[in-house]
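Keep in mind that this is a model prediction, so the values were computed, not measured. Residue numbers start from 1 in every chain, and the chains themselves are labelled A, B, ... in the order their sequence lines are given, proteins ahead of strands.
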Amino acid sequence: VTHADQGQHLDDETLSASIDDRLAPNDAAGVQAHLGTCQACRERLEDLQSVVGLLRQLPLLEPPRPVWGPRLVADPPNVVRLRRVYTLARAGAAALAAVFVLSSAGALYEAATAPSPRRRPIPPSRFQLRRRRGRRARLRRRARRRQPRTLAARPDRRPTRLKWRRIRPGRPPAPAGCLPRCPRCRVRNHWLPGRQRRPSRFRPRRPSPAAHYEPRPSSPAFSPCWPSSRPSSFAAASRG
Amino acid sequence: VQPESDALDAIGLGPGVEQSLAAARRGDVAAFNSLVVVHQRLVYNVCYRTLGNAEDAADATQDALLSAFRGIKAFKGPASGLRAWLLRIAVNACYDQLRRRQRRPSQSLEAPGVADAEGDSSVADRLADPDVGPEQRSLSAETARSIQVALDQLAPDQRLAVVLCDVQGLSYEEAATAMAVELGTVKSRLSRARAHLRELLTAKGELPTSSQRLHKRNS
C-alpha cells in the first residue's frame, strides 16, 4: 500500500491490525512486501507480537472473595431502611391526597346541592324606591276601589261638605276614663294644664284660633271649647 | 447431544440460556446466577487488569454484577449478546472505580496492587484452571507483575482496549460494543496501547532485544 510505495515505515495501527489479521487483502500484500524489505518494521512487528503474546499469557485469576451471591442481591440495611421510610412517606402522602380529594369532593357536593346562601338584600335604588312607591300607591288605590262607597258623613269628624267617601274601618273606641276629644281640634289633652300638643315636625305650628284662648273654665271638669257655652255674637245676630 | 449442550451452556450459548435469561428478566435470582456464573471470572479479570488491584477489581465486579442484576430487564437481545452487555457494565464500573480513585489518590499511592495478588504464594490457588498449557504457566510472577505495572501506566481507554482484545481475546466488534465506541476507535486505541506497551516493556527488559532475537533466529 502507500506506506511501502512511499518508502515510509508502517504505522502502529497497520502493524497491530496485521497481528490480528485485520488488514484488507490489498493492504496485506503491500505490508508483506514492505516487511520483506524493511528491517526496522519487521523488528517492531515482532516486538508487538511478543507484547501481544505476553498479554495473552496473562493468567486468569479467581476473585479473592465471592463477588456474587444471594447475600449481595439483598440491599444493605441503610437502603432497606430508606426504602421503608420512602414507602411510609408514599403511603402517608397517598392517604393525605385521598383525604384531600374526598373532602374537596364532599365540599363540592354540598355546595352544589345546598340552597344558595341567603344574601343580604341590596338596598333598593331610588329608582326602585320610586317605582315601588308608585306600585304601593297603585295597590292602595285598587284596594280603595274595592271598598264600598257611602254618602254618609263621618259622625266622629267635624262636619264637612258631603262627599263620596269610602267606608273605612272606624277608629278604635277610646279607652275608658280617657279624656274626650276637643271637638274643634280633635285633641284629647287640649286643656290639660301644662301640656301642649306635641309640635309636629312637618306642619308649621299655626297659632290656635281665638276660641282656644277663651278663658279657661274654673272647674277642672269637662267643658268643651266649642261651641262655647256662651252664645256667640254670630249666633245672636242670626237669631235676630 | 447432552454433553455438547452442557458445554454450550457452560460458555453461555446453550439452549437453556434463553430460558434462564427470560427467567432472570422476570426477577429470578437463580436464573441470573446461572447466567452470571459463566461470565463472572471474565468480568473479574477485566476489572483486575484494568484496575490493577484485587480489592478494587472485586468491588467493581460486584458493582457491575449488581447493576446487571438490577438492569437485566433493560437488556433486550439474544443471550449471545449477554457477554458484551456484561462487559459494558463492567467497563462502566471500572471507570467508576478509576474516578473514585482519582478522588482519593492516597489509596492508589500506597497500593501498587500487583504485588498483593500476583506475588502471593496463594496465587497458584487462585489461578482459574490449574491445568492450562505449560506455555501459559511459564509466565513468571515477575513478568506478570511487570506487565500489570505497564498496563497501569497506560491511559484508561487504551488499557481497556488492550485488556479486552489482547488479554481476554475478544474480537474487535465485541470490544467496541463493550466500550461503546466505534470499531475504528478500538483499533486505534489498541494500536497505541500496544506501541506504548512495547516501549514500556522494552524499557523493563521483558521483551527480547534485537541481539537475542538475532541469536534466536540463527539457532
Take atom CD1 of I122(A) as the centre, draw a 6.0 Å sphere, and report whether it contains more than 12 heavy atoms from other residues, nucleotides or ligands.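 No, because the 6.0 Å sphere around CD1 of I122(A) holds 12 heavy atoms or fewer from other groups.
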Rounded at 0.5 Å granularity, tell me how far [atom1] in [X] sits from [atom2] in [Y].
X       : Y       : atom1 : atom2 : answer
E55(B)  : R65(A)  : CD    : CZ    : 5.0 Å
L58(A)  : I147(B) : CG    : CD1   : 4.5 Å
R198(B) : D47(A)  : CZ    : CG    : 4.5 Å

Where on I19(A) is there a heavy atom nearer than 4.5 Å to chain B: the side chain, the backbone, both, or neither?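 Looking at I19(A), just its side chain touches chain B.
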State, with a plain yes or no, whether a side-chain heavy atom of L55(A) is found less than 4.5 Å away from one of L197(B).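 With C-beta onward as the side chain, the pair touches.
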Report yes if the side chains of Q168(B) and L60(A) come closer than 4.5 Å at any heavy-atom pair, otherwise no.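 With C-beta onward as the side chain, the pair touches.
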Taking 4.0 angstrom as the limit, do [X] and [Y] come out as a salt bridge?
X       : Y       : result
R194(B) : D20(A)  : yes
E62(A)  : R41(B)  : yes
E173(B) : R22(A)  : yes
E13(A)  : R192(B) : no

Can you tell which of A58(B), A195(B), S188(B) has the highest number of heavy-atom pairs within less than 4.5 Å of chain A?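 Ranked by contacts with chain A, first place is A58(B).
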Tell me which of these, V43(B), V36(B), D59(B), has more heavy-atom pairs under 4.5 Å with chain A than the rest.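 Option with the top pair count is D59(B).
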With sequence neighbours excluded, what pairs up with F75(B) under the ring pair (Phe, Tyr, Trp, His ring centres under 6.0 Å) test?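 F75(B): ring pair (Phe, Tyr, Trp, His ring centres under 6.0 Å) contacts with W85(B).
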Against chain A, label L201(B) side chain, backbone, both or neither, depending on which of its atoms sit under 4.5 Å from a heavy atom there.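 Just the side chain, heavy atoms under 4.5 Å.
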Restricting to non-hydrogen atoms, name the atom on L61(A) and the atom on Y44(B) that form the minimum distance, rounded to 0.1 Å.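 Minimum heavy-atom contact is O-CD2, 3.7 Å.
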What residues of residues 160-167 of chain B sit under 4.5 Å from chain A when you count only heavy atoms?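 V162(B), D166(B), V167(B), listed by number.
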